[in-house]
Amino acid sequence: MSNYGIVIVSHSANIAQGIYDLIQEVAKDVSITYVGGTEEGGIGTSFETASQAMESNSAESLLAFYDLGSAKMNLEMAIEFTTKEVEVFDVPVVEGTYTAAALLQAGVDLDTVKAQLAEMKLNK
């Protein structure tokens, strides 16, 4: 099992679930937690749900992915309250998360994973 986990924060429960389902096909040994939508089932994100997704992940070092700006903001706020090492990536959420998960599953080192993700960087 990888020493690194993945956290996904999306504005939509369906998007978060879909990314998780896709990643499970290539990274069954990577700890992945996700959250999508508001606690009431609507579209949106919150500090609380982003924090819960981080804390419920079994890994102590996390790669975090998000879909839109307020999801990033909530991730960044949640990072301030966790003892875990978390890095947020500004990449397309599906492609970036899939790439990171597949590489972690294959046992690729973190520097190589980061280099691959750097090639995908977006100005989000």
Side-chain angles (χ1 to χ4, degrees):
M1 181 172 244
S2 173
N3 295 327
Y4 300 96
I6 290 179
V7 173
I8 304 161
V9 178
S10 173
H11 282 70
S12 165
N14 292 333
I15 290 173
Q17 179 71 54
I19 295 170
Y20 174 80
D21 292 344
L22 180 66
I23 291 169
Q24 283 298 291
E25 294 295 314
V26 297
K28 293 200 182 295
D29 298 324
V30 177
S31 179
I32 302 166
T33 50
Y34 63 94
V35 63
T38 64
E39 292 166 344
E40 298 79 31
I43 298 295
T45 65
S46 72
F47 159 80
E48 291 83 9
T49 58
S51 182
Q52 181 181 11
M54 276 189 234
E55 296 306 322
S56 64
N57 195 299
S58 63
E60 287 300 314
S61 297
L62 303 172
L63 288 67
F65 300 88
Y66 66 95
D67 57 1
L68 299 169
S70 62
K72 180 181 182 180
M73 178 189 69
N74 285 312
L75 272 169
E76 289 173 340
M77 286 192 302
I79 289 169
E80 298 296 320
F81 294 92
T82 188
T83 59
K84 296 185 181 210
E85 181 181 319
V86 183
E87 186 167 352
V88 179
F89 292 91
D90 299 327
V91 296
V93 66
V94 175
E95 294 88 341
T97 309
Y98 185 91
T99 297
L103 291 171
L104 290 173
Q105 178 68 37
V108 173
D109 65 274
L110 186 59
D111 288 337
T112 303
V113 174
K114 287 181 180 182
Q116 289 289 314
L117 294 174
E119 293 180 16
M120 298 180 188
K121 185 167 174 49
L122 295 175
N123 293 321
K124 289 201 215 185

To the nearest 0.5 Å, tell me how far L62 CG sits from I6 CD1. 9.5 Å

Check the side chains of S31 and S58 for a donor-acceptor pair under 3.5 angstrom, ignoring hydrogens and angles. yes

Within the 4.5 Å heavy-atom criterion, are S10 and T45 side-chain neighbours or not? no

Apply side-chain hydrogen bond (donor to acceptor under 3.5 Å, both in side chains) to K84 and list each qualifying residue two or more places apart in sequence or on a separate chain. none

Between CD1 of I19 and CD of Q24, what distance do you get to the nearest 0.5 Å? 13.0 Å

Kindly say whether D29 contributes a backbone atom to a donor-acceptor pair with the side chain of Q105 at under 3.5 angstrom? yes

E48 atom CD: more than 12 heavy-atom contacts under 6.0 Å: yes

For V30 and A101 the tightest heavy-atom approach is CG2-O, 3.9 Å

For atom OH of Y20, decide whether the heavy atoms of other residues, nucleotides or ligands shown that lie under 6.0 angstrom number more than 12. no

Given the rule that I, L, V, M, F, W and Y join up when any side-chain heavy atoms are under 4.5 Å apart, are M120 and L110 in one cluster? yes

What distance separates I32 CD1 from N57 CG, expressed to the nearest 0.5 Å? 8.5 Å

Whether F81 and F47 hold their rings parallel, tilted or perpendicular, with breakpoints at 30° and 60°: perpendicular

Over all atoms of both residues, closest heavy-atom pair of V35 and A16: O-CB, 3.5 Å

What I'd like to find out is whether the side chain of L103 reaches to under 4.5 Å of the side chain of T112, using heavy atoms alone. no

For residues S70 and H11, report the shortest heavy-atom separation together with the two atoms involved. OG-NE2, 2.7 Å

Taking all non-hydrogen atoms of both residues into account, name the closest pair between A59 and N3 and its distance. CB-O, 4.0 Å

Inspect the surroundings of CD in Q52 and state if more than 12 heavy atoms from other residues, nucleotides or ligands are less than 6.0 Å away. no

Within this structure, what is the OH-CG distance for the pair Y66 and L75, rounded to the nearest 0.5 Å? 9.0 Å

Smallest heavy-atom separation, A53 atom then S56 atom, equals O-OG, 3.4 Å

Pairwise distance OG1(T99) to CD1(I23) - rounded to 0.5 angstrom: 9.5 Å

Evaluate the side-chain proximity of V9 to N74: yes if any heavy-atom separation is below 4.5 Å, no if none is. no

Are I79 and M73 connected in the hydrophobic side-chain network, where two residues link if heavy atoms are under 4.5 Å apart? no

Common cluster, M77/F89, ILVMFWY with side-chain heavy-atom separation under 4.5 Å: no

Calculate, to the nearest 0.5 Å, the distance between atoms CD and OG1 belonging to E55 and T82 respectively. 3.5 Å

Does a side-chain heavy-atom distance below 4.5 Å link F65 with L117? yes

Would a 4.5 Å heavy-atom cut-off, applied to side chains only, mark L22 and V94 as touching? yes

